[in-house]
Enquirer: 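This is the structure, below, for whatever I ask next.
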Amino acid sequence: MKVFGKDILYFDSVTSTFDKLSEFPPADGLVVVADRQTGGIGRNGRVWISDDGGVYFSFYIVPKGNSEEIPFLGIVCALAAYKTIAEYIPCSIKWPNDIVSDGKKVCGILNKSGFCGDSSVYVMSGIGINANNTQFGELDYRANSIKNIIGKEVDREELLKRFFHEFENAYFNMSTDDIMEQYKLSCVTLGSRVAVHYNTDGTVFEGECVDICKDGSIDVKTDSGIVNVNSGEVSVRGIYGYI
Ligand code: BTN
């Protein structure tokens, strides 16, 4: 590992790996991993169940370029997580950056950004992989783990190593076009009918996801034309059940 995953700080229990990582100044590639989180944070204000057995980590990315590339980093993280998990189980990306297997979520990603002292931007990427954890309580119908699917434990250290190998390969070696192409090929949302729920006012509309853009948004074809949808504003459900 050149930068990402070279320096890893391990903890037994933290509130959230985001909280722990923010105790350290932004340093490109610094990773915090925990065996469990007592206050794991999910997207849209949800809780991320973080029992023993999962792989929970946050790491800093300090982009050299301009802040426009920040939303694209979510795509890079999703592609790296997809390639990592695909080594173990059949899976796909569900836009924007969930990894799902057989309709159930096995990995979630939440990226947050902030400013360094010199006003350059940093990203904290937070990734939760359901590796050897097996119980999801009331979310059992839509969450699963690699162990549940393959029937044996996975080496969590190896999983983490593979993630950073894939992340570095995409981040340092692949062109934006190649990343987009591979993301699209792995994304179950593209070409599917989706229901878009605006979190702000509860509006819902349906259509077909016809494109995924570099800024992390999607184009949804509706009866009244193409609507561009940004992940910050909406949640998307597959019409025939959650994927
Ligand atoms: C989602 O809702 O899909 C995003 C889940 C992100 C969970 C990870 S676990 C490691 C990091 N720390 C957190 O508190 N959340 C992220």
Enquirer: Quick one: list whatever passes salt bridge (charged side-chain N to carboxylate O under 4.0 Å, His left out) with Arg156, sequence neighbours left out.
Expert: Asp35

Enquirer: Partners of Tyr82 by ring pair (Phe, Tyr, Trp, His ring centres under 6.0 Å), sequence neighbours excluded?
Expert: none

Enquirer: May I ask you to check whether Asp215 and Ser217 show a side-chain donor-acceptor distance below 3.5 Å?
Expert: yes

Enquirer: With a 4.5 Å cut-off on side-chain heavy atoms, are Val220 and Phe205 touching?
Expert: yes

Enquirer: Less than 4.5 Å apart, any side-chain heavy atom of Tyr10 and any of Glu157?
Expert: yes

Enquirer: Measure the shortest side-chain to side-chain distance between Val3 and Phe59 over non-hydrogen atoms and say whether it is less than 4.5 angstrom.
Expert: no

Enquirer: Can you list everything that forms a side chain to side chain donor-acceptor pair (under 3.5 Å) with Asp219? Sequence neighbours excluded, please.
Expert: Asn228

Enquirer: Quick one, Val154 and Val55 - any side-chain contact, counting heavy atoms below 4.5 Å?
Expert: no

Enquirer: Roughly how far apart are Asn133 CG and Asn144 CG, rounded to 0.5 Å?
Expert: 9.5 Å

Enquirer: Let me confirm one number: the CG-CD distance from Leu190 to Glu208, rounded to the nearest 0.5 Å.
Expert: 8.5 Å

Enquirer: Could you tell me whether Asn169 atom CG has more than 12 heavy atoms of other residues or ligands within 6.0 Å of it?
Expert: yes

Enquirer: Do the non-hydrogen side-chain atoms of Val121 and Phe115 ever get within less than 4.5 Å of each other?
Expert: yes

Enquirer: Looking at CG of Leu185 and CG of Leu79, how far apart are the two atoms once the value is rounded to the nearest 0.5 Å?
Expert: 10.0 Å

Enquirer: Please report the shortest heavy-atom distance between Leu73 and Pro63, naming the atom on each side.
Expert: CD1-CG, 4.0 Å

Enquirer: On the 0 to 90° scale, with breaks at 30° and 60°, tag the Phe4-Phe172 ring pair as parallel, tilted or perpendicular.
Expert: tilted

Enquirer: Drop me the distance from Ile146's CD1 to Asn132's CG, to the nearest 0.5 angstrom.
Expert: 8.0 Å

Enquirer: For residues 159-175, which residue pairs pass the salt bridge (Lys or Arg N to Asp or Glu O under 4.0 Å) check, not counting sequence neighbours?
Expert: Glu87-Arg162, Glu158-Arg162

Enquirer: Does atom CD of Glu138 have more than 12 heavy-atom neighbours, drawn from other residues, nucleotides or ligands, at distances under 6.0 Å?
Expert: no

Enquirer: If we count only N and O atoms by modelled type, under 3.5 Å, do the side chains of Ser125 and Asn111 hold a donor and an acceptor together?
Expert: yes

Enquirer: Does the side chain of Ile61 reach to within under 4.5 Å of the side chain of Asp28, using non-hydrogen atoms?
Expert: yes

Enquirer: Go through it in stages, so that I can follow the logic: the residues are Phe24 and Tyr60, the test is ring pair (Phe, Tyr, Trp, His ring centres under 6.0 Å), and I'd like the CA-CA distance, side-chain angles, deciding distance and then a yes or no.
Expert: CA-CA 10 Å; Phe24 302 90; Tyr60 279 123; 8.4 Å; no

Enquirer: Please check if Phe163 and Ile85 belong to a single hydrophobic cluster, counting links between Ile, Leu, Val, Met, Phe, Trp and Tyr side chain heavy atoms closer than 4.5 Å.
Expert: yes

Enquirer: Check whether any side-chain heavy atom of Asp102 lies under 4.5 Å from a side-chain heavy atom of Ile149, and answer yes or no.
Expert: no

Enquirer: Between Lys184 and Glu181, does at least one N-O distance fall below 4.0 Å, as a salt bridge requires?
Expert: no

Enquirer: Just how far is it from atom CG of Asn44 to atom NE2 of His197, taken to the nearest 0.5 Å?
Expert: 11.5 Å

Enquirer: Please determine whether a side-chain nitrogen of the Lys or Arg among Asp98 and Lys104 lies less than 4.0 Å from a carboxylate oxygen of the Asp or Glu.
Expert: no

Enquirer: Under 4.5 Å between side-chain heavy atoms, hopping through other hydrophobics if needed: is there a path connecting Phe11 to Ile8?
Expert: no

Enquirer: In Å, rounded to the nearest 0.5 Å, how long is the span from OG of Ser113 to CD1 of Ile70?
Expert: 5.0 Å

Enquirer: Taking side chain to side chain donor-acceptor pair (under 3.5 Å) as the definition, give me every residue that meets it alongside Thr203, ordered by chain and number, with sequence neighbours left out.
Expert: Asp201

Enquirer: If only atom types and distance count, is the side chain of Ser101 paired as donor or acceptor with the main-chain N or O of Pro90 below 3.5 Å?
Expert: yes

Enquirer: Measure across Ala81 and Cys107 and return the closest heavy-atom pair with its distance rounded to 0.1 Å.
Expert: CB-SG, 4.1 Å

Enquirer: Short question: side chain of Ser192, backbone of Val194 - any donor-acceptor pair under 3.5 Å?
Expert: no

Enquirer: Does the plane of the ring in Phe164 sit parallel, tilted or perpendicular to the ring in Phe167? Use 30° and 60° as the thresholds.
Expert: perpendicular

Enquirer: Is Tyr122 linked to Val32 within one hydrophobic cluster, defined over Ile, Leu, Val, Met, Phe, Trp and Tyr using a side-chain heavy-atom separation of less than 4.5 Å?
Expert: yes

Enquirer: Same cluster or not: Val196 versus Ile212, using hydrophobic residues (I, L, V, M, F, W, Y) connected whenever any side-chain heavy atoms lie under 4.5 Å apart?
Expert: yes

Enquirer: Between Asn97 and Arg43, is a side-chain contact (heavy atoms from CB on, under 4.5 Å) present by the stated rule, with each step listed?
Expert: CA-CA 10 Å; Asn97 44 26; Arg43 290 178 56 230; 4.1 Å; yes

Enquirer: What do you reckon, is CG of Asp223 surrounded by more than 12 foreign heavy atoms closer than 6.0 Å?
Expert: no

Enquirer: Side chain to side chain donor-acceptor pair (under 3.5 Å) with Thr17: which residues, sequence neighbours excluded?
Expert: Gln37, Ser58

Enquirer: Evaluate the side-chain proximity of Glu206 to Arg193: yes if any heavy-atom separation is below 4.5 Å, no if none is.
Expert: yes

Enquirer: Taking a hydrophobic cluster as the set of Ile, Leu, Val, Met, Phe, Trp and Tyr residues connected by side-chain heavy atoms closer than 4.5 Å, whether directly or through intermediates, do Ile127 and Ile49 fall within one such cluster?
Expert: no

Enquirer: Verify, without hydrogens or angle tests, whether Tyr56 (side chain) and Asp51 (backbone) share a donor-acceptor contact under 3.5 angstrom.
Expert: yes

Enquirer: Could you go through the side-chain contact (heavy atoms from CB on, under 4.5 Å) check for Tyr88 and Ile129 one step at a time?
Expert: CA-CA 12 Å; Tyr88 301 84; Ile129 304 176; over 6 Å; no

